[in-house]
Amino acid sequence: MAQENTQKQKKQNSIWFQLSLNTFQGRITIPFIAILMIGAALFFVANSLWQKVENTKNQIIENILPVQTESAQLLNLLKRNEALLYDFLFSKEVIKKETAREMWLVEIATQKDALKSALFKLNIEEGKTFFITLNRQLSELSQAQEKVIQLEITGQKTEVVAYQVNSDYKLLNEESEKTIRKIINFAQIKTQKMNDSANTEKNQFILIMIIGTFIWFFGSYGVGILMFTGIFKWIKEIRNHTKEMAYGNIPEYLDNKKFNNEFRGIVKDLNLLCDNFSALKDYSEAVGQENFNMSTKIFGSKSMLGKSLTEMSVSLQKVNELEYMRNWTAEGLAKFAQIQQKNTQNIQGLCRDMIAELVKYMKAVQGGFFLINKDTQPYSIDLIASYAFGKEKFFKKHIDIEEGLLGRAYTEKKSVHLKEIPKNYIELSSGLGDTTPKTLIITPLINDDGQVQGIFELSLMDILQEYQILFLEKLANSTASFITVVLAGEKNRQLLEESQKITSSLRIKEEETRLSALELSKAQEEIDLKLKETKREYEKLNGVLSHIPEGVIIMDADGQIEVFNRAAVKMFKYEEDNILGRNIRLILPSDYLTDAELNDDRENAPLKAGIEKNLKAIKKDGSQFEVEASFSLVEINQEKLITAILRDI
């Protein structure tokens with residue numbers, strides 16, 4: 001048993017490690033090893049050259065650039081020091097002398113040490129020589145500068161100081177700057193040489209990569225063509241077979257005897273795929289003829305694609321049904337929209353045409369179109385038009401708003417759908433005749449404002465489907481909105497006629513008005529003067545009320561708010577513009593004053609003397625709180641005004 005397992009393991013390993021050209025595995029393994037070895041050699045050579053380039057760049061950054069940077073900074077310090085010396089000689093300020101000395105002790109000394117460290121890090125004798133020379137020159141320059149400062153401090157003549165500056169200090173300063181520039185130039189030359197070397201190595205790297213890539217590519221291509229020529233014929237035949245299927249054709253079967261090799265299993269599966277494609281073709285033709293009930297076992301009933309095709313057939317059948325419902329609904333809405341457009345000014349004709357067409361479209365037995373009569377108290381439901389009734393079988397024209405199923409549909413604002421109707425039920429409950437259909441539906445016509453404008457009532461011999469009910473409700477909503485517009489148009493026409501009558505009457509009185517215009521003008525001037533005085537008094541009163549810490553509300557005898565001060569705004573969270581003109585019961589819902597207190601006209605009435613109460617108040621957000629309220633009556637120009645002063649307790 002162990003020996004059999006060992007042989008089986010060796011056989012499995014041989015699949016991946018055979019090097020014979022007589023096998024597919026060998027034809028793949030040999031080119032792969034050759035390509036891998038060439039790629040490894042190219043990688044090691046390229047990596048070596050690239051590493052040299054990177055080392056050269058790092059050396060420039062770490063060793064050469066610091067020399068240039070430190071030299072440039074030292075040169076800038078010498079120029080600043082020179083400018084500072086001349087400022088001292090000109091201004092005689094002691095602080096500038098101290099600054100110049102401190103610069104030599106701190107900044108220049110520190111920068112010189114940094115430059116020394118950078119030059120000695122290069123470990124080049126020429127760089128060390130430059131620094132020794134510069135160090136000596138800087139020492140002499142420092143002494144020359146100190147000598148100039150001492151001459152100036154001791155009060156030497158200007159000619160002596162100027163001679164010392166020009167003959168000694170300036171010459172040493174120029175030599176120092178020249179040496180620094182030589183160091184900078186030395187660093188630049190060194191950088192250029194290293195960059196040239198790096199570019200040469202980089203070009204070698206690119207050249208080797210290009211040559212190696214060509215060798216690798218063409219060598220691999222040639223070896224691959226040589227190795228796989230023997231199997232291209234079979235692959236081409238299989239490819240042509242699959243290409244036909246990819247473009248939607250069903251090719252002939254492949255001969256299994258010609259593929260007695262590793263492709264044998266593939267050929268067998270392709271022939272099976274041809275069988276399934278042929279079955280799929282028959283299935284698609286059946287679907288094209290809307291035969292969704294065709295049983296199919298394509299790809300096997302347990303396969304994923306077979307299950308998907310079965311589910312697709314069910315889905316297509318549902319989609320077909322939904323498409324029919326959508327088309328039926330859209331066609332119906334369009335048909336009734338045309339009827340509405342033909343009756344924009346005739347409500348009776350609209351009701352008659354719509355119920356006649358609705359009975360036909362819904363395949364109903366009979367139907368009625370009711371409108372809500374708002375001119376009666378209480379409202380009534382009036383039958384405006386009906387269809388499929390005998391002339392001698394009309395029922396009640398007017399139905400009470402709370403009577404029967406019509407009243408229920410009006411009150412609940414939703415359809416009433418009866419699927420089983422007892423004998424004589426329609427005659428007793430709906431007013432639609434003595435036929436006993438199987439189905440009754442009553443749908444209210446609700447406009448966009450939520451008001452019921454009318455009711456559809458249909459009786460049918462068949463059971464209504466859900467999409468038919470939804471269609472009827474959509475039609476009811478659109479019809480309600482249209483009726484609202486038509487009724488508004490009729491009301492506008494009535495108003496226009498009344499307006500024309502009023503206009504005629506006004507023309508007669510126009511002459512009388514013109515004659516009295518002068519008198520009115522004088523009276524208007526007097527009124528304007530009084531209004532100005534009243535406005536000034538109102539502004540004074542408003543200014544006083546705005547600074548009172550308690551909430552102050554002034555209302556008329558009916559409770560309509562006329563004044564609402566700043567403290568009241570803060571207490572109830574209402575803006576003044578939003579509360580003025582509204583009733584006091586909005587914020588004081590309980591009886592803030594009794595009828596006896598409001599209507600007591602006696603001179604010693606309690607309201608005239610002032611009444612205090614504790615009341616529940618409501619803020620804008622609905623929250624309640626308790627206030628202590630003081631009410632008093634004020635009469636201005638024979639008008640009663642009630643003042644309320646509120647305190648939050």
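Just so it is clear, the values below take in all heavy atoms, side chains as well, and ignore hydrogens, waters and symmetry mates.
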Any side-chain heavy-atom pair of [X] and [Y] under 4.5 Å:
X    : Y    : answer
D621 : K573 : no
S630 : R647 : yes
I561 : L580 : yes
M461 : T439 : no
I579 : I553 : no
L472 : L458 : yes
I372 : I381 : yes
L464 : H417 : yes

Taking the six-membered ring for Trp, are W328 and Y467 parallel (under 30°), tilted (30 to 60°) or perpendicular (over 60°)?
-> perpendicular
Any idea how F336 and Y361 line up, ring-wise: parallel (<30°), tilted (30 to 60°), or perpendicular (>60°)?
-> perpendicular
Is the number of heavy atoms from other residues, nucleotides or ligands under 6.0 Å of [X] [atom1] greater than 12?
X    : atom1 : result
D448 : CG    : no
K619 : NZ    : yes
K438 : NZ    : no
E575 : CD    : no

Look at the side chain of [X] and the backbone N and O of [Y], then say whether any donor-acceptor pair between them is shorter than 3.5 Å.
X    : Y    : answer
S478 : L475 : yes
K616 : Q624 : no
N583 : D558 : yes
Y592 : I584 : no

Measure the [atom1]-[atom2] distance between [X] and [Y] for me, rounded to the nearest 0.5 Å.
X    : Y    : atom1 : atom2 : result
L615 : L588 : CG    : CG    : 6.0 Å
E466 : I469 : CD    : CD1   : 5.0 Å
I441 : Q468 : CD1   : CD    : 9.0 Å
L358 : F369 : CG    : CZ    : 9.0 Å
L445 : M354 : CG    : CE    : 7.5 Å
I442 : I455 : CD1   : CD1   : 7.5 Å

What are the two closest heavy atoms between [X] and [Y], and how far apart are they?
X    : Y    : answer
V452 : P444 : CG1-CB, 4.1 Å
T443 : S415 : OG1-OG, 3.2 Å
I618 : P589 : CD1-CG, 3.6 Å
Q348 : I384 : OE1-CG2, 3.2 Å
A567 : P549 : CB-O, 3.4 Å
G349 : N343 : C-OD1, 3.5 Å

Audit row: R408, T411, side chain to side chain contact (heavy atoms under 4.5 Å, CB included) steps and yes/no | CA-CA 5 Å; R408 174 182 165 187; T411 304; 5.9 Å; no
Would you please indicate if the ring centroids of Y574 and F564 are separated by under 6.0 Å?
-> no
Test side chain to side chain contact (heavy atoms under 4.5 Å, CB included) applied to V563 and T643, step by step = CA-CA 9 Å; V563 175; T643 300; over 6 Å; no
Evaluate the side chain to side chain contact (heavy atoms under 4.5 Å, CB included) criterion for residues Q340 and T479: first the C-alpha distance (whole Å), next the side-chain angles of each, then the deciding distance (0.1 Å), finally the verdict.
-> CA-CA 8 Å; Q340 292 173 358; T479 305; 3.3 Å; yes
Please walk me through it: do T484 and Q451 pass side chain to side chain contact (heavy atoms under 4.5 Å, CB included)?
-> CA-CA 10 Å; T484 302; Q451 297 179 350; over 6 Å; no
